[in-house]
**Student:** 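Could you have a look at this structure, given as structure tokens, before my questions?
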Amino acid sequence: KRRSKSRFRALLRGHDLPADLPFACVSMPAPTLDASADASIDALIALAKELRVGLIVVDNLRLISGAVDENTAAMSGVLANLKRVAETTGAAVVVVHHQRKANGLGGSALDLIRGHSSIPAALDLGLWVERAAGADLVRVRGGTDRDFTGEALGARGAHTAPGAPPALRNSSSAAPL
């Protein structure tokens, strides 16, 4: 909790945003979020409505799936519950998930998602985000033809020490790749 709050405070400072910006961070709640359990989802919905959030970010899918094996069709229930959160609260729900181990088969970005095929099937929008180790360039490409038909987007950024002038503290650029 402490580390997340510290990172978000630094983010606000780094972008010269007011400290009283309407922002809430719930990190490592007790009990933990179990998206396979209706009671846990109901509690998340109630909290999201209370805080009037517009964005919910979950890092990562495996940690909130309860006892559900990500390689089974039971993942469709977990994803249906997350969709219920979005539809009930009006918030966008962004879920971080990881790639499967490289198998050399290639394919679309959605083919690289680890777990059961119900995971990519449930997505409204799937984005593949990648960065080579030590590189500044982050590449984002769409994983579905129906939702994201634009070109791959790249972004390059640098973050320097907190004492750097604001113009140099956070620099970035983005362009189609």
Side-chain angles (χ1 to χ4, degrees), residues 1 3-5 7-9 11-12 15 17-100 107-131 138-155 172 174 176:
K1 288 181 185 180
R3 185 169 52 174
S4 294
K5 288 183 180 187
R7 287 179 177 169
F8 285 116
R9 279 193 301 269
L11 178 68
L12 292 173
H15 290 281
L17 297 170
D20 61 348
L21 187 73
F23 178 84
C25 172
V26 178
S27 178
M28 306 295 286
T32 59
L33 176 62
D34 179 353
S36 69
D38 287 339
S40 189
I41 290 297
D42 291 341
L44 175 59
I45 289 170
L47 180 62
K49 285 181 174 181
E50 176 187 331
L51 297 174
R52 299 186 336 232
V53 300
L55 174 66
I56 298 170
V57 179
V58 176
D59 185 6
N60 68 51
L61 182 59
R62 179 63 215 119
L63 292 177
I64 62 150
S65 297
V68 174
D69 181 342
E70 70 181 11
N71 296 304
T72 67
M75 283 302 292
S76 62
V78 170
L79 296 159
N81 274 341
L82 293 171
K83 189 166 287 243
R84 181 165 65 95
V85 171
E87 291 174 356
T88 305
T89 65
V93 177
V94 176
V95 181
V96 175
H97 189 49
H98 299 283
Q99 72 181 32
R100 66 179 71 235
S108 79
L110 292 180
D111 293 333
L112 300 171
I113 293 176
R114 191 174 76 201
H116 192 267
S117 61
S118 62
I119 298 172
L123 300 177
D124 288 334
L125 175 63
L127 297 175
W128 177 256
V129 180
E130 58 189 347
R131 179 179 65 88
V138 175
R139 185 169 187 249
V140 180
R141 56 186 163 126
T144 62
D145 291 335
R146 68 181 185 272
D147 292 326
F148 187 85
T149 57
E151 299 178 53
L153 175 69
S172 62

**Student:** Can you tell me how far apart CD1 (Ile45) and CG (Asn81) are? Round to the nearest 0.5 Å.
**Tutor:** 8.0 Å
**Student:** Can you list everything that forms a side chain to side chain donor-acceptor pair (under 3.5 Å) with Ser36? Sequence neighbours excluded, please.
**Tutor:** Asp34
**Student:** Please list, chain by chain and in numerical order, all residues satisfying side chain to side chain contact (heavy atoms under 4.5 Å, CB included) with Arg9, sequence neighbours excluded.
**Tutor:** Lys5, Ser6, Arg13
**Student:** Distance check, rounded to the nearest 0.5 Å: Thr89 atom OG1 versus Leu51 atom CG?
**Tutor:** 11.0 Å
**Student:** So Thr88 and Ile41, do their side chains get closer than 4.5 Å, heavy atoms only?
**Tutor:** no
**Student:** Got a sec, which pairs hit salt bridge (Lys or Arg N to Asp or Glu O under 4.0 Å) with one end in residues 87-97, sequence neighbours left out?
**Tutor:** none
**Student:** With a 4.5 Å cut-off on side-chain heavy atoms, are Val96 and Val129 touching?
**Tutor:** no
**Student:** Holding to side chain to side chain contact (heavy atoms under 4.5 Å, CB included), I want the full list of residues that pass it with Leu63, two or more places apart in sequence or in another chain.
**Tutor:** Asn60
**Student:** Under 4.5 Å between any side-chain heavy atoms of Ile64 and Leu82, yes or no?
**Tutor:** yes
**Student:** Which residue pairs pass the side chain to side chain donor-acceptor pair (under 3.5 Å) test with at least one member in residues 50-59, sequence neighbours excluded?
**Tutor:** none
**Student:** Using the test side chain to side chain donor-acceptor pair (under 3.5 Å), find all partners of Asp42 that sit at least two apart in sequence or belong to another chain.
**Tutor:** Arg84
**Student:** I'd like to know if the side chain of Thr72 and the backbone of Asp69 have a donor-acceptor N/O pair within less than 3.5 Å.
**Tutor:** yes
**Student:** Output every pair passing salt bridge (Lys or Arg N to Asp or Glu O under 4.0 Å) with a member in residues 20-30, not counting sequence neighbours, ordered by first then second residue.
**Tutor:** none
**Student:** For side-chain contact (heavy atoms from CB on, under 4.5 Å), just list the numbers for Leu61 and Leu79, CA-CA rounded to whole Å, side-chain angles, deciding distance to a tenth of an Å, and then say yes or no.
**Tutor:** CA-CA 9 Å; Leu61 182 59; Leu79 296 159; 4.3 Å; yes
**Student:** Testing the basics here: between Ala91 and Leu55, what is the closest heavy-atom pair and its distance to 0.1 Å?
**Tutor:** CB-N, 4.1 Å
**Student:** Could you walk me through whether Val78 and Glu70 satisfy the side-chain contact (heavy atoms from CB on, under 4.5 Å) test, starting with their C-alpha distance in whole Å, then the side-chain angles of each, then the deciding distance to 0.1 Å, before giving a yes or no?
**Tutor:** CA-CA 10 Å; Val78 170; Glu70 70 181 11; over 6 Å; no
